[in-house]
Amino acid sequence: MRIAIRICFLIAISGLCAAQARPFPGPDVQQIYQRLLPQIEKIPAFDHHAHPGYADDPDVDAMAAPPNASLAMRTRDDNPELVAAAKALFGYPYNDLSAEHSKWLLDRKNELKKQMKGTAYFDSILDKINTESSVANRAMMPDYLDPKRFPWVFFADSFLWPFHNERETGRNPDQGVYIPLQEKMLKRWMQQENVSQLPPTFAEYLKFISQVLEDNSKRGGIAMKFEVAYFRPTTFSDPSRAQAEDLYQRYVAGGIPTEREYRTFQDFIFRYLVEEGGRLHLPVHIHTAVGIGDYFNLSQSNIMNLESIIRDPRYAATIFVMIHGGYPLERQAIWLAAMKNVYLDSSFGELTQYPSAFKDTLKMWLETFPDKITFGTDCFPYNQVLGAEESYWLGVQSSRTALAAALAEMISENEITEARALELAHAYLHDTAVKLYEGRVH
Ligand SMILES: [Zn+2]
């Protein structure tokens, strides 16, 4: 009893807990929110996951949205919040985005693009939303993005698809869009390395993969990204090198592998890439949420399938960033961050949910592993009017307001002090992600 009192006294004087945590915020929560928000808005952000670029640029992603995909309510182009985005970024004078009015927006953007030479246009967008730098997760980098402010995260999926892909392409209309784009991406890596056809031996194929990774790193790539969940289940077996080598020899020159054979081969290549990510200090980003396209299979691409990879001590040297934090399984997903080398990115959650719901996600994460979560927008040029610019704005605004609200509740509920809340805000919006890249980003 006496010891307990003494411990509590020590904790109290160190300012950690003035009182026991309580289950409801007090009447001060709104005031705390109002006090925190302007301070959080002043923190220059590092956007850990985004696809900046113009709507007519095919390199903003290594895949494309399938035709006629269903979109969640907030990500449709009739979301009235996009009017607020256009007003804030471009001084848009109208209160709707009717075809006639959106022409004004299109003209204004084109005018600015003409006025601002080189990389100035997208730099100015980052300035307007107080983002210091933003990952550009793109197939290739364009000359209109400044690599100092837009560090490149390249795609690594295409190495999984070197054989004849008729079966995969024909599986459903979405795969019919995705798989040919993977074939195209692999050809581009081959061109980059001056390789005109697949190497004849498996050892040389692995060497070719490593060479692409090394060259991409030299060309400014800070991480490799997988969107493999769009193309196949994310359960990865653990085949031997001999098994993979045998399959490569059998299919490199032609023939169609069975589904099982192809997956076995891919499982080995995926693990090889993960291991190379550790050796080359290239963190591995993995899409872990539900995805666009009506055929996206959430149960087969459940983030928990990846436990067999990320909890494997052979990959302890590889940093994993679970892009989109497993949404809508973010509650389970935060426990993956118990692994020292695993981080969760919150992008897309802040766009597909409204801040009231996203606040609860952030709060639960902040209460569990606050030093393992990072901010991202998943901005994307959906079309000429709803561009990367507007989705950057909506993502940043939503994240900052939800963060301020989550922290205000935690302060009011006696979980943390206000000073600690601001430390957590800096960590989430900037510091935690930047530390993963060893001085290559800021
Ligand atoms: Zn994305």
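Whatever order the structure lists ligands and atoms in, that order sets their numbers, starting from 1. Numbers for residues simply follow the sequence, beginning at 1.
Crowding of Q197 atom CD: a count of heavy atoms from other residues, nucleotides or ligands under 6.0 Å not exceeding 12. More than 12 heavy atoms of other shown residues, nucleotides or ligands fall within 6.0 angstrom of atom CD in Q115.
Remark: A333 engages I303, L344 in a side chain to side chain contact (heavy atoms under 4.5 Å, CB included) (not counting sequence neighbours). With sequence neighbours excluded, the residues forming a side chain to side chain contact (heavy atoms under 4.5 Å, CB included) with Q192 are M140, W189, V212, D215, N216, R219, listed by chain and number.
Side-chain atoms of T234 never come within 3.5 Å of backbone atoms of N305 as a donor-acceptor pair (strictly under, hydrogens ignored).
Pairs engaging residues 291-326 under the ring pair (Phe, Tyr, Trp, His ring centres under 6.0 Å) rule: H49-H324, Y230-F296, H287-F296, H287-H324, H324-F348 [sequence neighbours left out].
For the Zn ion (ligand 1), the tally of protein N/O/S atoms lying closer than 2.8 Å stands at 3.
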